[in-house]
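Quick note on labels: first sequence line is chain A, next is B, and so on, each numbered from 1. Keep in mind it's a predicted model, so treat the numbers as computed, not measured.
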Amino acid sequence: MLDPKIVRANPEDIAAQLLKKKYVFPVETFKALEEQRREVQVNTENLQSERNTQSKSIGKAKAAGDDIAPLLAQVSNLGAQLEEAKASLVEINTKLDDILLGVPNLPDPEVPEGVDEEDNVEVRRWGTIPSFDFDPLDHIELGNREKGMDFESAAKITGARFVVLRGKIARMHRALIQFMLDTHINDHGYEEIYVPYMVNKESLMGTSQLPKFEEDLFKVPFGERDYYMIPTAEVPVTNMVRDEIIDEADMPLKFTAHTPCFRSEAGASGRDTRGLIRQHQFEKVEMIQMVKPEDSWQALEDMTSHAENILKKLELPYRVINLCGGDLGFAAAKTYDIEVWVPAQDKYREISSISNTLDFQARRMKARWRNSQTGKPELLHTLNGSGLAVGRTLVALLENHQNADGSINVPVALQPYMGGLTAI
RNA sequence: GGAGGGGUGGCUGAGUGGCCGAAAGCACUGGUCUUGAAAACCAGCGAUUCGUGAGGAUCCCAGGGUUCGAAUCCCUGCCCCUCCGCCA
């Protein structure tokens with residue numbers, strides 16, 4: 001959520017900045033509501049103040065043994081007025097909250113102008129795109145060898161956009177997870193964390209998947225309320241600091257977690273229907289940092305390099321792009337996507353997304369740290385990034401490292417996790 | 001699933017329907033003392049919000065209710081703890 005104080009002070013300016021994200025902020029509605037709010041709030045607080053003093057004097061009179069009947073008569077209609085005022089204040093505040101909760105984060109000035117992925121700006125490339133002296137297969141064909149990748153069974157067991165992995169492919173999938181976690185823990189200084197795969201509404205509000213993007217989530221009814229399957233580890237891990245005040249000495253918090261991710265892909269029917277690219281359930285190793293505000297931009301660069309490092313070790317060619325305003329996510333002020341080369345599609349595909357949300361999520365979550373300079377709690381900054389999406393990494397690995405006979409070379413860094421195998 | 005006990009400031013922990021935004025301790029900040037530090041002593045120290053300011057409002061798990069007045073009484077939910085049962 002944006003700082004309501006800043007929005008109030010300059011609604012036009014905020015609206016102009018949000019335009020870069022292709023979001024139209026309802027300036028006039030907001031201003032009108034704000035004006036009403038101010039008026040009704042002052043009135044309500046005056047009534048409350050009046051009631052408080054009256055009640056206090058009743059208490060004193062009673063203690064002194066005086067007759068309180070006339071005093072009671074004085075306050076008799078105060079209650080009804082107050083109730084009315086409170087009710088309309090709640091109504092106005094609800095409307096204002098609805099607006100503010102639906103407003104995306106402001107894009108950073110460094111974010112390029114643009115509408116969609118066409119306008120994203122490439123920052124750098126790494127690696128050499130492989131050239132094959134045979135007809136390379138796609139990951140589905142490669143996975144079919146020895147029934148390593150079985151979409152039919154998954155469709156029977158569950159439905160479309162699920163997969164069954166078997167044998168060496170399943171092992172490689174697991175090896176990738178272990179490799180990524182170990183690298184983040186040992187080389188990049190993250191703490192491993194295991195978290196629930198279902199979360200409550202409050203957590204999703206905190207990281208801002210709710211209230212706007214409920215249709216992207218799998219909901220699980222439980223008793224009187226609902227749980228939701230996590231769409232990313234960002235949700236449970238970031239919410240660790242919800243309603244907390246972190247000691248400055250404990251900053252920054254750097255967590256890495258492996259979790260499955262569940263997405264309804266509601267708006268993507270017909271896209272990437274074949275193969276492992278877009279599934280309802282996929283594994284991801286996530287990096288999360290909670291940092292002091294002055295450190296968050298450096299943290300974004302660090303996290304991006306951490307994700308890149310995984311790809312380098314796996315010998316997979318990639319490029320880093322700076323997302324344009326129109327392609328930027330709801331909570332992000334700036335996002336780097338990392339795209340890996342997918343030979344069968346003859347293009348780069350997203351395999352990681354690293355975002356700085358500044359204090360946007362922290363404000364929703366009331367996640368703060370105690371500034372030792374001021375002694376006061378202040379909002380911290382949260383960042384999240386994939387390091388990496390495991391299913392897509394498997395795709396890239398199979399396709400980029402394939403041989404003419406359909407075997408797959410195992411990159412050196414991954415071999416210890418594959419029992420020393422150099423190829424499968 | 002059954003039976004009990006709890007949820008109070010950064011932490012621990014008192015709290016009678018009005019004198020409670022809340023005792024006390026710890027932690028923290030400033031000062032005295034000290035070559036410096038520790039200890040001791042003195043002082044300060046919750047958050048959010050409205051207002052230029054004085055000051056006002058709100059917050060004692062959450063949401064309702066009773067009352068002129070609720071941290072305190074009642075109801076519902078959530079969470080935690082103890083015992084019993086069941087169980088990966």
**Request:** Report the distance from atom CD1 of A/I245 to atom C1' of B/rA47, rounded to the nearest whole Å.
**Result:** 8 Å

**Asked** Does A/E84 CD have over 12 foreign heavy atoms under 6.0 Å away?
**Response** no

**Asked** Any side-chain donor paired with an acceptor under 3.5 Å for A/T232 and A/K284?
**Response** yes

**Item:** Ring centres under 6.0 angstrom apart (A/F262, A/Y228)
**Value:** no

**Asked** Has A/M240 got more than 12 heavy atoms of other residues, nucleotides or ligands less than 6.0 Å from its CE?
**Response** no

**Message:** On RNA chain B, compare the nucleotides closest to A/G59 and A/G79; which residue's is nearer the 5' end?
**Reply:** A/G59

**Request:** Assess A/K254 against A/Y190: is NZ or CZ under 6.0 Å from the centre of the six-membered ring, and within 45 degrees of the ring's axis?
**Result:** yes

**Item:** Assigned partner base of B/rG53, Watson-Crick or wobble definition, under 3.5 Å
**Value:** none

**Prompt:** Watson-Crick or G-U wobble partner for B/rA43, using a 3.5 Å limit on both distances?
**Reply:** B/rU29

**Message:** Taking only the P atom of each, what is the distance from B/rG6 to B/rC75 in whole angstrom?
**Reply:** 14 Å

**Item:** Within residues 233-244 of chain A, residues whose heavy atoms come under 4.0 Å of RNA chain B
**Value:** none

**Message:** With rounding to the closest Å, how many angstrom separate the C1' atoms on B/rG69 and B/rC19?
**Reply:** 14 Å

**Request:** Would you check, one step at a time, whether the test salt bridge (charged side-chain N to carboxylate O under 4.0 Å, His left out) holds for A/K292 with A/E248?
**Result:** CA-CA 8 Å; A/K292 296 192 229 171; A/E248 185 169 2; 2.9 Å; yes

**Item:** B/rU35 pairs with, by Watson-Crick or G-U criteria that keep both distances under 3.5 Å
**Value:** none

**Request:** Quick one: look up who B/rA70 pairs with, Watson-Crick or G-U, both distances under 3.5 Å, and put none if it's unpaired.
**Result:** none

**Asked** Roughly how many Å is it from CD1 in A/I58 to P in B/rA70, rounded to a whole number?
**Response** 12 Å

**Prompt:** On a whole-Å scale, what distance lies between the P atoms belonging to B/rU49 and B/rG10?
**Reply:** 15 Å

**Length of the NZ-C1' vector between A/K62 and B/rG69, whole Å** = 9 Å

**Asked** What pairs with A/H381 under ring-ring contact (aromatic ring centres under 6.0 Å, His included), at least two apart in sequence or on another chain?
**Response** none

**Whole-Å gap separating C1' (B/rC78) and CG (A/D226)** = 15 Å

**Asked** For atom P, what is the distance between B/rA54 and B/rA43, given to the nearest Å?
**Response** 25 Å

**Message:** Could you tell me how far B/rC80 sits from B/rA62 if I compare only their C1' atoms? Round to whole Å.
**Reply:** 15 Å

**Request:** Report the residues that fulfil ring-ring contact (aromatic ring centres under 6.0 Å, His included) with A/F30, sequence neighbours left out, ordered by chain and then residue number.
**Result:** A/F25

**Closest-nucleotide 5' rank along RNA chain B - winner of A/Q54 and A/G375** = A/G375

**Item:** Base versus backbone protein contacts along nucleotides 48-61 of chain B [heavy-atom cut-off under 4.0 Å; B, S, -]
**Value:** -SSS----BSS---

**Request:** Quick one: list whatever passes ring-ring contact (aromatic ring centres under 6.0 Å, His included) with A/F255, sequence neighbours left out.
**Result:** none

**Request:** Calculate the interatomic distance between A/N200 atom CG and B/rG77 atom P; express it in whole Å.
**Result:** 18 Å

**Fill in**
Applying ring-ring contact (aromatic ring centres under 6.0 Å, His included) to A/H173 and not counting sequence neighbours gives none

**Message:** Work out how far the C1' atom of B/rU8 is from that of B/rG4, and round it to whole angstrom.
**Reply:** 22 Å

**Asked** Just how far, in rounded Å, is P of B/rC68 from CG of A/L47?
**Response** 17 Å

**Message:** Hydrogens and angles aside, do A/H401 and A/E315 bring a side-chain donor and acceptor to less than 3.5 Å of each other?
**Reply:** no

**Message:** Between P on B/rG10 and CG on A/D250, what's the gap in Å once rounded to a whole number?
**Reply:** 16 Å

**Message:** Tell me whether the side-chain N/O atoms of A/R225 come closer than 4.0 Å to OP1 or OP2 in B/rC79.
**Reply:** yes

**Request:** Can you tell me the pairing partner of B/rG21 across any strand shown, Watson-Crick or G-U wobble, with both distances under 3.5 angstrom?
**Result:** none

**Asked** P atom, B/rG44 versus B/rC26: distance in rounded Å?
**Response** 15 Å

**Prompt:** How far, in whole Å, is B/rA23 from B/rC45 if one measures between their P atoms?
**Reply:** 11 Å

